[in-house]
Amino acid sequence: MAKLFANIKQNLDKKFGNDENYHCLSTILPYFKPYLFRTLLALGLAIPIGALDAVIALALKPYMDVVMMDKQMQSAWYLPILIVLFTTVQGSLNYIATYMNDWVGGKVTNDLKITLYSKLMRQAPGFFEKQTSGKIIKAYNMDAEKSCSGLLTNMKTCISRLFSSLSLTGVLFYNSWQLALIAVFVLTCAMIPLMKIKSAIKDVYNQSEGENAKVFTVYNEAFAGNKVISGYNLYDIKQEQFKKLVNTVFGLKMKITRHTGWLSPMMHIIVSIGIALVIGLGSYFITKGQLSAGQFVSFITALIMLYTPIKGLGNNAKGISTCLCAMERVVSKLEKVPSITDKETAIDFPQFNDKISFKDIKFSYIKGKRVLNGISLDVKKGETIAFVGNSGGGKSTLVNLLPRFYNVKNGDLTFDDISINDIKVDSLRKNVAVVFQDNFLFDGTIKENIKLGNLSATEEDIKKAVKDSYLENFVNSLEKGLDTPIGERGMLLSGGQKQRIGIARAFLKNAPILVLDEATSALDNQSEHIVQQAIDNLMKDRTVFVIAHRLSTIQNADRIAVINNGYITELGTHEELLSIPNGEYKKLYDMQFCHNEKPEFVNIT
């Protein structure tokens with residue numbers, strides 16, 4: 001069976017491989033494979049559900065001819081019972097099909113969302129810098145819902161209506177093939193515009209989805225930026241921006257309606273013409289004795305009933321078109337290759353014994369605007385090196401290359417002469433711990449956030465990390481201790497407490513390479529002093545890269561590199577750099593400290 005399906009797919013690929021809709025369906029349909037039986041059951045039940053629509057129309061012929069015309073009730077007493085029976089069967093089948101449809105749609109949607117989430121997590125930081133939260137929610141969550149559950153629901157309804165149409169068409173031909181030909185011709189004319197609906201709404205629909213994504217972004221900003229909005233009284237301007245956005249969304253929605261809203265009235269007009277022709281010609285056939293009253297009533301009933309599924313197919317065509325548009329976006333996300341991936345020959349992180357080397361590294365976020373201009377630097381194992389300089393000079397960019405948040409394309413970054421591009425990304429990042437200026441904390445407890453550094457850490461490991469990061473007194477002051485919830489993004493904690501949780505997380509990771517990206521710059525003096533003590537503990541026996549704004553935190557570093565405009569302009573110890581007349585480091589130092597005051601340095605060794 002599997003071989004048969006493989007051969008069928010191979011033949012279909014050859015024939016329709018270049019068709020966009022086929023490509024999307026062939027990418028999504030494998031997600032239905034684990035639930036194939038239930039999928040086929042849900043879709044298969046739609047056949048008798050639709051076909052049973054013809055029962056009422058078919059039953060009217062003997063009822064009219066026998067009861068109404070011949071006055072013989074005893075010959076047709078069973079017809080009302082059969083109608084009730086068939087309707088009951090149809091309703092039961094419809095319930096089962098709907099349940100199966102929702103179950104399969106939900107399971108497939110979940111599987112697809114999990115895959116998309118995995119893809120999302122593997123994207124490089126540069127990807128997120130170019131996206132908004134609203135776009136990501138729409139593309140990686142809501143489009144998955146539309147492309148799976150929406151498609152299956154519309155397919156089930158479409159199959160039901162299709163077989164309803166076929167069975168009712170059979171009733172038409174059974175009663176009068178001449179009238180049936182007229183009816184089929186008219187209905188075919190009504191169906192032709194449905195073929196072009198997807199191309200008519202695709203661009204507008206995608207634009208509408210993009211604007212809807214902006215609405216989600218605005219809500220997220222209202223949540224995350226509520227203090228700024230309140231503090232600056234931004235209520236009116238933010239409301240005006242939101243009003244403008246929702247009006248844009250409304251305009252696009254109405255544009256879609258203009259493209260598709262004419263289908264229903266146009267089909268109504270065309271079908272009414274067909275009904276008028278049938279009534280006129282049918283009346284002629286009755287007067288000539290070529291058609292009985294029962295046949296005519298049965299025919300007209302079937303034709304009117306046929307209008308409902310035919311009209312519904314128009315709505316289904318619109319629904320399937322929107323599903324296919326969503327599916328195209330989902331498939332583009334599934335096929336998106338992360339910019340940072342492993343080579344086939346990539347190796348695990350080497351236990352470097354000598355040095356980390358930056359070799360003539362040039363880097364740009366935007367083409368033509370370099371952030372790093374040929375940086376070359378050797379850092380010995382166990383050395384602490386600090387980077388200082390003007391904002392935007394390239395300090396953070398340089399250290400962000402260590403965990404390979406960005407690819408090194410020009411120049412090279414090596415560990416004992418092994419290129420970073422030859423090392424597996426996961427293995428590399430396992431050996432690099434980063435403490436950011438604003439450590440992101442997840443919704444949960446203190447312990448859950450600390451344990452992210454090492455999910456297999458023991459209770460003793462966690463306690464030691466808490467102690468070494470100077471969190472012990474704070475944790476002991478809490479009623480629930482380490483099990484205290486901290487809120488989304490750690491909103492219930494102070495800046496210093498967040499930083500120490502981030503440091504505790506780095507302790508548990510126990511990586512040989514440590515990056516401190518302005519870890520104390522956003523703290524007050526008291527918090528900085530406590531956090532700096534925790535950092536001093538964390539730095540022991542590691543190769544450390546420090547980005548510092550406050551020079552008082554780096555005077556004991558083994559070396560200090562001044563980076564301005566993408567160049568290393570000075571390199572040396574604190575004393576060596578201060579001894580350079582008119583040196584850039586000396587200027588920074590003099591700006592931060594008065595000549596007649598001796599700064600209170602914090603030992604970080």
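It should be emphasised that the depicted structure is a prediction, and the values quoted were computed from it without experimental measurement.
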- Message: Using a strict threshold of under 4.0 Å (side-chain N to carboxylate O), is an ion pair present between Asp342 and Lys424?
- Response: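 So Lys424 does not pair with Asp342 through a salt bridge.
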- Less than 4.0 Å between a side-chain N and a carboxylate O, is that true for Asp426 and Arg404?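 Looking at Arg404 and Asp426, the cut-off is not met.
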If only side-chain N and O atoms count, and only distance matters, is there a donor-acceptor pair under 3.5 Å linking [Y] with [X]?
X: Asn421; Y: Lys343; value: no
X: Gln241; Y: Lys238; value: yes
X: Thr153; Y: Asn101; value: yes

- Hey, what do you get for CG (Leu181) to CZ (Phe185), rounding to the nearest 0.5 Å?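 These two atoms lie 11.0 Å from each other.
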- Message: Quick check for you: to the nearest 0.5 Å, what is the distance between Lys107 atom NZ and Phe32 atom CZ?
- Response: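 Going from the NZ atom of Lys107 to the CZ atom of Phe32 covers 13.5 Å.
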Kindly say whether the aromatic ring centers of [X] and [Y] come within a distance under 6.0 Å.
X: Phe299; Y: Tyr174; result: no
X: Tyr35; Y: Phe37; result: no
X: Tyr406; Y: Phe363; result: yes

- Item | Closest approach of Pro403 to Arg429 (non-hydrogen atoms, all atoms of both residues) |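 Looking at all heavy atoms of both residues, the shortest contact is O-NE, 2.8 Å.
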- Report, as yes or no, whether the 6.0 Å neighbourhood of atom NZ on Lys119 holds more than 12 heavy atoms from other residues, nucleotides or ligands.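 Atom NZ in Lys119 is crowded, with more than 12 foreign heavy atoms closer than 6.0 Å.
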